[in-house]
Amino acid sequence: MQEPLDVLAVFAHPDDAELVCGGALAKAAARGERVGILDLTRGEMGTRGTPELREEEAKAAADVLGVRVRRNAGLPDGRLENSHEAREVVAAHLRELRPRVVVTHWLEGRHPDHGAAARLAVDASFVAGLRNAEVPGEPHRPLKIVHGTAFREDAPRPSFVVDVTGEVERKLEAIRCFQSQFQGLSAAGEVFAGGSRPLEEQVRAHLAYHGSRIRAAYGEPFWMRETFAVDSFGELQVSTF
């Protein structure tokens, strides 16, 4: 039986998780947390590379990040929908992997699949907990849904930022595994071009900006619907001045 995951990244395409939350995933894995990635599509509509090559790249990136399991839901690329059928497919994976936390896209995206993936991840998480849902496995509902907001200009102020200073090189190494998608580019996915600055430098610049919000060298931003709980004033961090 699959050991329950602490965190599962649910993203539209192979390489999305690396770009949006690769540092946080690597940090969780290094802390001994059980981390997984569920790619919803094979990226077969992509201009660069092939689904087979992207699968190999995804395996290599998973090894770099230290994730325990990486799967592909096999949903249609470029036509991803938050449909009843898609919810059942994703809910079946959630029931088997039993994650405590699900991380996914922001609710909007440059690629139509990204926003659809976010809504699908939320709704499938609810369906997975319904006892009478026609989905294989025992009911399970994640405790928390978290949305990565990196590179999104339309996202609100993040609920929290994960310090990934110690993981930034590993994140960039995982991104490099997707040579078919990123080699020689200055923009890709949600990462818009910064002039002629190479993609890797653009990613690093974004991480530096979000890191500065928590007085760290590099950070990854996240948003959640719920109010963040703090046990006492003594636990508060990040200087006001």
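When a residue number appears, it is its place in the shown sequence, counting from 1.
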Q: Write down the atom of Leu25, the atom of Val7, and the distance for their closest heavy-atom approach.
A: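 Here Leu25 and Val7 meet closest at CD2-CG2, 4.5 Å.
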Q: Determine whether more than 12 heavy atoms belonging to other residues, nucleotides or ligands lie under 6.0 Å from atom CD of Gln237.
A: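 Counting other residues, nucleotides and ligands, CD of Gln237 stays at 12 neighbours or fewer.
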Q: Quick one: closest heavy-atom pair of Ala174 and Ala61, and the distance?
A: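 Here Ala174 and Ala61 meet closest at O-CB, 3.7 Å.
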Q: Could you tell me whether a side-chain N or O of His105 sits under 3.5 Å from a main-chain N or O of Ala12, the two making a donor and an acceptor?
A: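 Here the side-chain-to-backbone pair exists.
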Q: So, does Arg98 use its side chain to make a donor-acceptor pair with the main chain of His140 at under 3.5 Å?
A: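 Answer holds: no.
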Q: Donor-acceptor check, side chain of Arg34 to backbone of Asp6, threshold 3.5 angstrom: yes or no?
A: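 Side chain of Arg34 to backbone of Asp6, a donor-acceptor pair under 3.5 Å: no, none is there.
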Q: Compare every heavy atom of Arg68 with every heavy atom of Gly32, then report the nearest pair and how far apart it is.
A: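 Closest pair (atom of Gly32, atom of Arg68, distance): O-NH2, 3.8 Å.
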Q: Just say parallel, tilted or perpendicular for the rings of Phe178 and Phe182, cut-offs at 30° and 60°.
A: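 Judged by the thresholds at 30° and 60°, the geometry between Phe178 and Phe182 is perpendicular.
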Q: Tell me which pairs pass salt bridge (charged side-chain N to carboxylate O under 4.0 Å, His left out) where either residue lies in residues 226-241, with sequence neighbours left out.
A: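 Qualifying pairs, neighbours excluded: Lys144-Glu226.
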Q: Evaluate the salt bridge (charged side-chain N to carboxylate O under 4.0 Å, His left out) criterion for residues Glu18 and Arg70: first the C-alpha distance (whole Å), next the side-chain angles of each, then the deciding distance (0.1 Å), finally the verdict.
A: CA-CA 12 Å; Glu18 284 77 7; Arg70 185 166 202 159; 2.6 Å; yes
Q: Compare every heavy atom of Arg54 with every heavy atom of Pro14, then report the nearest pair and how far apart it is.
A: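 Nearest heavy atoms, Pro14 then Arg54: O-NH2, 3.0 Å.
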Q: Is the shortest heavy-atom distance from the side chain of Val35 to the side chain of Leu65 under 4.5 Å?
A: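 No, too far: nothing below the 4.5 Å cut-off.
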Q: Taking NZ, NE, NH1 and NH2 as the nitrogens, is one of them in Arg31 or Glu33 under 4.0 Å from a carboxylate oxygen of the other?
A: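 Looking at Glu33 together with Arg31, the answer is yes, because their closest N to O distance falls below 4.0 Å.
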Q: Under a 3.5 Å distance rule, please check whether Asn82 uses its side chain to pair with a backbone N or O of Ala116 as donor and acceptor.
A: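 Such a contact is absent between Asn82 side chain and Ala116 backbone.
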Q: Are side-chain N/O atoms of Gln181 and Arg48 paired as donor and acceptor at under 3.5 Å?
A: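 Looking only at side-chain atoms, Arg48 and Gln181 do not form any donor-acceptor pair under 3.5 Å.
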Q: At their closest point, which heavy atom of Ala121 faces which heavy atom of Thr104, and how far apart are they?
A: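 Smallest interatomic distance, heavy atoms only, reads CB-OG1, 3.8 Å.
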Q: Taking the six-membered ring for Trp, are His147 and Trp223 parallel (under 30°), tilted (30 to 60°) or perpendicular (over 60°)?
A: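 Tilted, since the angle between the ring planes falls between 30° and 60°.
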Q: Taking the side chain as every heavy atom from C-beta outward, state whether Leu199 and Val191 have any pair of such atoms under 4.5 Å apart.
A: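 Leu199 vs Val191: side chains touch.
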Q: Would you name the heavy atoms of Arg79 and Asp113 that are closest together and state the gap between them?
A: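 Shortest heavy-atom separation between Arg79 and Asp113 comes out as N-OD1, 3.7 Å.
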Q: Would you confirm whether Asp77, through its side chain, and Thr41, through its main-chain N or O, come within 3.5 Å as a donor-acceptor pair?
A: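 Side chain of Asp77 to backbone of Thr41, a donor-acceptor pair under 3.5 Å: no, none is there.
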Q: Tell me, yes or no, whether the heavy-atom count around Arg152 atom CZ, taken from other residues, nucleotides or ligands under 6.0 Å, exceeds 12.
A: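 Yes - once you tally the heavy atoms of other residues, nucleotides and ligands closer than 6.0 Å, there are more than 12.
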Q: Has Phe160 got more than 12 heavy atoms of other residues, nucleotides or ligands less than 6.0 Å from its CZ?
A: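 More than 12 heavy atoms, drawn from other residues, nucleotides or ligands, come within 6.0 Å of this atom.
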